[in-house]
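What follows is a single structure, written as structure tokens, with notes after it.
Protein chains get the first letters and strands the later ones, always in sequence-line order, with residue 1 at the start of each. Note: hydrogens, waters and symmetry copies are ignored here, and every other heavy atom, side chains too, is used.
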Amino acid sequence: MYEKHLMICGATGCLSSGSNLVEEALVEELEKHGIRDKYRLVMGGCPGFCEVGPIIVVYPDEVFYCRLKPKDMAELVEKHLLEGEIVERLLYKGPDVVVPARFYDTIPFYAKHKFNVLRTSGIIDPESIDEYIMRGGYRAFTRALSMEPLAICEEVKEAGLRGRGGAGFSTGLKWEFTNKAPGPKKYVVCNADEGDPGAFMDRSILEGDPHAILEGMLICGRAIGADEGYIYCRAEYPLAISRLKIAIRQAEEYGLLGKNILGYDFNFKMNIKEGAGAFVCGEETALLGSIEGKRGMPRPRPPFPAQSGLFGKPTTINNVETFANVPLIVKEGGVLEFAAIGTEGSKGTKVFALAGKVRNTGLCEVPMGITIREIIYDVGGGIKRGKEFKAVQAGGPSGGCIPAEQIDLPIDYDSLNKAGAIMGSGGLVVMDEGTCMVDLARYFLSFTQKESCGKCTPCREGTKRMLEILDRISEGAGVPEDLDTLDSLAASIKDSSLCGLGQTCPNPVLSTIRYFREEYEEHITDKFCRAGICKELFTYRIDQEKCTGCTACARVCPVDAIKGEKKEPHEIEQDLCTRCGSCVEKCRQDCILVVPQGREADVSN
Amino acid sequence: MKKFIDHCCEKCTHTKDNPCKDFVKCCIEGPVCHESSSCSARRKAIIDEVALNDQFIIC
Ligand SMILES: Cc1cc2nc3c(=O)[nH]c(=O)nc-3n(C[C@H](O)[C@H](O)[C@H](O)COP(=O)(O)O)c2cc1C
């Protein structure tokens, strides 16, 4: 028996901030003291709070250590493991806590969380089927095996589960369509393409709890009458793929995949298909084409995949998070439990990848209907460096921007749609006063323009023309008619594109024009970028009165454009300056000014 | 018995080729098909090894 369990975040986020090095140092320390065998070390799933990684949670003591470095391991072993004393300096500290917080229940980031989909992530060893079973795993599937297939569809419908991959279609209804489609061969497909920039919800679920996806897919297979499944996962997620392969092998060994599963007349074979990482391959018909070995290009619907999907057979395709919710619904008493969370039209929880200008970035799972304010200020801990909240981009490049005036908007499918955004897969990028909305629209459109597969002329050519206009506006060469042209191009791209990429890609442009029209007009008429982002519209100047000659700006300037003696005011050589903004970030005296044509704005704080 | 798939005694016959309907329930609550305190202790030992605390098990 182990004395303690040390759950180390072994998800991609913490690995990139060095959790593997922390683990190595921990092993070394334990071996040095000859106590390696007394402690269980698990590289587990993501506990969400990426901002403070690497993280180790010690059980049964319930102590959450964060921001760990390999050199901290000696103290952790000597003080905590050997002497039983908590290492206070490694606990969570921040402006939102009075005293260092010891565990999830006292860390404000987690106060609004409701762990459903992430129920076992960070708690079990994702490479152990036994631990998944201990946490209630495969019970819902066992129950589903004894149910009539249409009764399973009915329960999923009754629970109100809507697809977490984008459009929010009723999952139970989708299953029912495939169930009723004629034919002996049907497929279940899991969409793990996750192409939205900045999104990592699905990756975290796959890395932390791969058996939950297998169980959700097996239940779906039983409900629609399929005997084969594919998980389409981008090759850029090697850890997720390796954990899925282990999970499939274990489920086969345990007789939970294969023939006559648990003695029922039900067979299921699971396959993994690695995608090459094109955004459009997340679109369901393009994804199915890619699995078939064709170029990933959307095709017209109808026929919908439920009638004619993979290899022309009836197919249900759902998102990773959708499948992860299914065992919670189909377990005994699950429908009522699931439907008790959320709003009238959007039941359950949603996992969001919170990024941008908030203090606490990371993964959060919250009840549907939570407001933007709660996410930004309670979960996210507010805006970094005390700046003003300006807007949030919801739904990735297909989504829209919601302004600060709508901070009390509940986050559910219908409210977001009304506001001109979408739930999408759950990316939330928070912006502060230093974000230029023209630049933001240009960034997202340049992404979708590059990712357009080129099949439809309006999407292929229209996004290029829209991007040219946005480039022109941000370079100070816009003309007043540009806004109408953007509007009409956006309308025709949305109306005439074949797939969701074209139908939604103008959203960031339209929503920023809708809520921040005056910023576009300033760029066009006054040649002014109030955020000091559009490089052609301003120069930087150092305030000679304020500058103390600390040299911080000169040291950080990548092109040596800042000159001056120590303790004397510095100056910027305009011919050399590339307006990268590094000096603005570094200056503690707030003395770097943005000098636009005709107007002045201080963006240094 | 190191893993749930291992047999607790000769009375357990679950394999992928000879499956038992009660297998999943049996992992935690078993043995289901016979009475044996030593067989249930074998299962408990697997759980005790990895359970983080006493709320770890969900039936
Ligand atoms: C351009 C584009 C990219 C998409 N990318 C994804 C994706 O990465 N993951 C996903 O689940 N759905 C994605 N979708 C939505 C899928 O087409 C499909 O609606 C979804 O997988 C259905 O699953 P759900 O009902 O569980 O949401 C994308 C759609 C479009 C138009």
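Residue Ala51(B) touches chain A through its backbone alone, counting heavy-atom pairs closer than 4.5 Å. Only the backbone of Lys259(A) comes within contact range of chain B, with at least one heavy atom under 4.5 Å from a heavy atom of that chain. Heavy-atom distances place the backbone of Cys20(B), and not its side chain, under 4.5 Å from chain A.
Formation of a donor-acceptor pair under 3.5 Å by the Arg135(A) side chain with backbone atoms of Ile57(B) is not found in this model.
Across all their heavy atoms, Gly137(A) and Val24(B) have their closest contact at O-CG1, 3.6 Å. Considering every non-hydrogen atom in both Asp130(A) and Lys3(B), the closest pair reads OD2-CA, 3.3 Å. Met1(A) and Glu49(B) get closest at one heavy-atom pair: SD-N, 4.1 Å.
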Apply side chain to side chain contact (heavy atoms under 4.5 Å, CB included) to residues Glu253(A) and Lys16(B) and explain how you reach the verdict. CA-CA 7 Å; Glu253(A) 184 196 351; Lys16(B) 61 181 175 181; 6.0 Å; no
For side chain to side chain contact (heavy atoms under 4.5 Å, CB included), just list the numbers for Ile58(B) and Arg119(A), CA-CA rounded to whole Å, side-chain angles, deciding distance to a tenth of an Å, and then say yes or no. CA-CA 11 Å; Ile58(B) 302 177; Arg119(A) 57 196 176 271; over 6 Å; no
Let me see the working for Phe4(B) and Tyr254(A) under ring pair (Phe, Tyr, Trp, His ring centres under 6.0 Å), right down to the final yes or no. CA-CA 8 Å; Phe4(B) 288 145; Tyr254(A) 276 50; 7.5 Å; no
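Two residues are said to be in side-chain contact when any heavy atoms from C-beta on lie closer than 4.5 Å; Met134(A) and Ile46(B) meet this criterion. For the pair Ile28(B) and Arg139(A), the minimum side-chain heavy-atom distance is below 4.5 Å.
Residues satisfying the side-chain contact (heavy atoms from CB on, under 4.5 Å) test with Ser38(B), not counting sequence neighbours, are Ser36(B), Arg42(B). By the salt bridge (Lys or Arg N to Asp or Glu O under 4.0 Å) test, Glu62(A) is found to be paired with no residue, residues two or more places apart in sequence or in another chain being considered.
Within 6.0 Å of CG on Asn18(B) lie more than 12 heavy atoms contributed by other residues, nucleotides or ligands. Crowding of Lys21(B) atom NZ: a count of heavy atoms from other residues, nucleotides or ligands under 6.0 Å exceeding 12. Enclosure of atom NZ in Lys4(A) by more than 12 non-hydrogen atoms of other residues, nucleotides or ligands within 6.0 angstrom is indicated.
Your options are Thr15(B), Ile47(B), Leu52(B), Asp48(B), and the one with the most heavy-atom pairs under 4.5 Å with chain A is Leu52(B). The most heavy-atom pairs under 4.5 Å with chain B, out of Ile123(A), Leu256(A), Leu257(A), Thr142(A), come from Ile123(A). Most heavy-atom pairs under 4.5 Å with chain A, from the set Asn53(B), Asp22(B), Val50(B): that is Val50(B).
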